[in-house]
Amino acid sequence: MMRKLDLIVIGSGVSGHSTASAARERGWTVAVIDDKPFGGTCPQWGCDPKKVLVEAVKIQDSFERMKGYGLTGNAQLEWSELRRHKDTFTEPIPSATVEEFEKDGIEVFKGHARFIDDHTVEVNGEKLQASYFLIASGASPAKLPVDGFKHLASSDSFFELDELPHELVLIGGGYISFEFAHIAARFNRKVTIIHRGERPLEGFDESIASRLAEYSKKLGIDIRTNTELKAVAKQGSKFIATIGSDNHTEQLSADIVIHGAGRAPNVQDLGLDRTSIAYSKNGVKVDKNQQSISAPHIYAAGDCADDGKLPLTPLAGEAGKRVIKHMLDGKQQEEFSHIQPSAVYTLPGIASAGMTATEAEKYPDDYEVIEHDLSSFFTNKTTRLEEGFSKIILDKKKQTIVGAHVYAAQAEHLINVFLLAIEMNIHVQALKTLLWAYPTAESDIPSMLQ
Ligand code: FAD
């Protein structure tokens with residue numbers, strides 16, 4: 001007889017994990033299926049390992065600027081040691097996740113799940129049925145129409161390199177490429193970013209992204225725009241990337257060509273065509289409860305869901321909470337209305353939340369865009385950082401902040417303060433008069449608002 005559970009979760013990342021645990025706590029029978037080491041992208045091949053690398057590089061970067069200003073000697077980055085340090089964070093994740101599930105009585109299936117029909121999935125040749133399903137299958141590098149696609153390394157493999165190669169070509173001018181490029185450049189590697197569009201980091205404020213791009217060039221990062229990858233070929237130990245536009249092509253030699261050109265929801269190989277689950281290339285179509293619009297016993301959350309949320313960890317977590325509240329507790333959810341911050345962990349970084357300057361400039365009677373060059377601010381000067389810029393968008397009538405875009409050493413921290421101000425409708429005067437602990441990056445905020 002076929003096994004039947006209350007809930008089957010496909011994917012053990014941020015969005016799947018919490019729902020599986022919450023359902024089990026309520027006494028449901030639950031199984032989690034994952035085809036990669038358990039724990040998901042963020043703690044193994046995403047946010048966390050990246051931050052571990054960035055924090056080390058940050059120390060070296062500050063050291064370089066401060067040489068001759070109180071610091072002497074060399075701060076040498078060493079990839080294999082740093083990789084081992086990173087591994088201390090990532091390696092325990094799969095066993096810890098599986099142990100936690102098993103301790104809680106959640107069944108664990110290591111393998112690829114495919115739907116056979118609306119109520120049945122198959123994994124490792126075994127068929128399982130459930131009353132409810134959560135598709136939390138995440139995203140993977142998008143398939144690109146290039147010859148030799150198989151020669152492209154995924155972003156996952158960057159974290160597993162035994163040696164950091166000497167020549168890296170990064171495809172796509174998004175946040176993953178820029179973050180990897182800034183790490184590799186500090187290791188004195190030759191780095192080229194290939195970007196199809198007019199300007200890189202398209203989701204971010206243009207003048208802020210272009211400042212970061214110019215600074216990246218000063219670090220030696222070669223940024224090619226209006227050009228795309230046509231083919232990748234292996235030649236001995238090297239890879240040859242053919243790039244170009246319609247009337248011009250060029251060949252770049254590299255030790256590794258990394259795919260940083262966008263991620264696509266993992267919906268293609270799930271057997272969804274054999275079900276009534278509505279989906280598109282943007283993911284499983286869901287409503288505000290993360291419930292499938294066509295099959296009510298199916299939920300989807302995280303990077304694989306077409307729910308209008310950015311493919312970022314806090315949003316995957318938020319979606320998971322909605323599933324718990326609706327599927328388990330029967331509570332209708334409000335429309336999603338939160339501001340979604342995003343950050344690029346380059347050095348310096350950029351971060352963004354809320355209304356863009358482009359939007360604000362369409363309505364000059366309603367909004368004011370306050371810009372500041374932060375390079376002469378005390379925070380920057382202490383470590384001789386000559387980069388920095390802020391653009392804050394003010395609602396003129398309400399005198400509240402509705403958008404913030406920063407390029408700064410502590411961009412990711414500053415944006416959290418602005419996020420709070422936007423979400424809580426804090427009056428700009430309150431931010432100006434607050435007795436901020438001084439001197440801190442946050443105590444620069446009143447000056448950014450002048
Ligand atoms: P995932 O954690 O990806 O989990 C999905 C799991 O399902 C995977 O293990 C997958 O293999 C498995 N799966 C897929 N299909 C099947 C199937 N058919 N059967 C069985 N298993 C299946 N976000 C941030 O907020 N901040 C950052 O700084 C940040 N940095 C990032 C850096 C990189 C390099 C990358 C790649 C991502 C980064 N992200 C960051 C994004 C963040 O990691 C994701 O948004 C988040 O991990 C998504 O979680 P999830 O639960 O949707 O899916």
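Counting starts at 1 for both ligands and their atoms, following the listed order.
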query: Judged by non-hydrogen atoms, does Phe158 sit under 4.0 Å from ligand 1?
result: no
- Could you walk me through whether Ile258 and Phe158 pass the side-chain contact (heavy atoms from CB on, under 4.5 Å) test, one step at a time? CA-CA 8 Å; Ile258 300 178; Phe158 181 77; 3.7 Å; yes
Practice prompt. For ligand 1, find out whether one of its N or O atoms is nearer than 3.5 Å to an N or O atom of Asp269.
Written response: no
Atom 20 (C) of ligand 1: of Pro94, Gly111, Pro49, Gly11, the nearest heavy atom sits on Gly111
Quiz item: Do any nitrogen or oxygen atoms of Asp303 come within less than 3.5 Å of a nitrogen or oxygen of ligand 1?
Solution: yes
Out of Asp34, Val267, Thr19, the nearest non-hydrogen contact to atom 12 (C) of ligand 1 is supplied by Asp34
Filtering Gly40, Gly271, Ala136 for the heavy atom nearest atom 5 (C) of ligand 1 leaves Ala136
| said: For the aromatic rings, using the six-membered ring if either is Trp, is the centroid distance between Phe115 and Phe133 under 6.0 Å? | reply: yes
Q: Report yes if some N/O of Ser12 lies less than 3.5 Å from some N/O of ligand 1; otherwise report no.
A: no
Check: of His112, Glu412, Arg114, Glu179, min heavy-atom distance to atom 17 (C) of ligand 1 comes from His112
Applying a strict 4.0 Å limit to heavy atoms, is Phe38 in contact with ligand 1? no
Of all protein heavy atoms, the one nearest atom 26 (N) of ligand 1 is Cys47 SG, 3.7 Å
- [ ] Starting from the C-alpha separation in whole Å, work towards a yes-or-no answer on side chain to side chain donor-acceptor pair (under 3.5 Å) for Gln332 and Asn289.
- [x] CA-CA 7 Å; Gln332 281 293 322; Asn289 299 310; 3.1 Å; yes
Can you tell me if Arg263 contacts ligand 1 (heavy atom of the residue under 4.0 Å from the ligand)? yes
Review point. Just checking, is any N or O donor in the side chain of Asn266 or Ser140 under 3.5 Å from an acceptor N or O on the other one?
Key: yes
- [ ] Could you walk me through whether Phe109 and Phe101 pass ring pair (Phe, Tyr, Trp, His ring centres under 6.0 Å), step by step?
- [x] CA-CA 11 Å; Phe109 289 85; Phe101 282 151; over 10 Å; no
Of Cys42, Ala113, Pro37, the residue with the heavy atom nearest atom 18 (N) of ligand 1 is Ala113
Among Leu134, Asp48, Thr41, the residue with a heavy atom nearest to atom 2 (O) of ligand 1 is Thr41
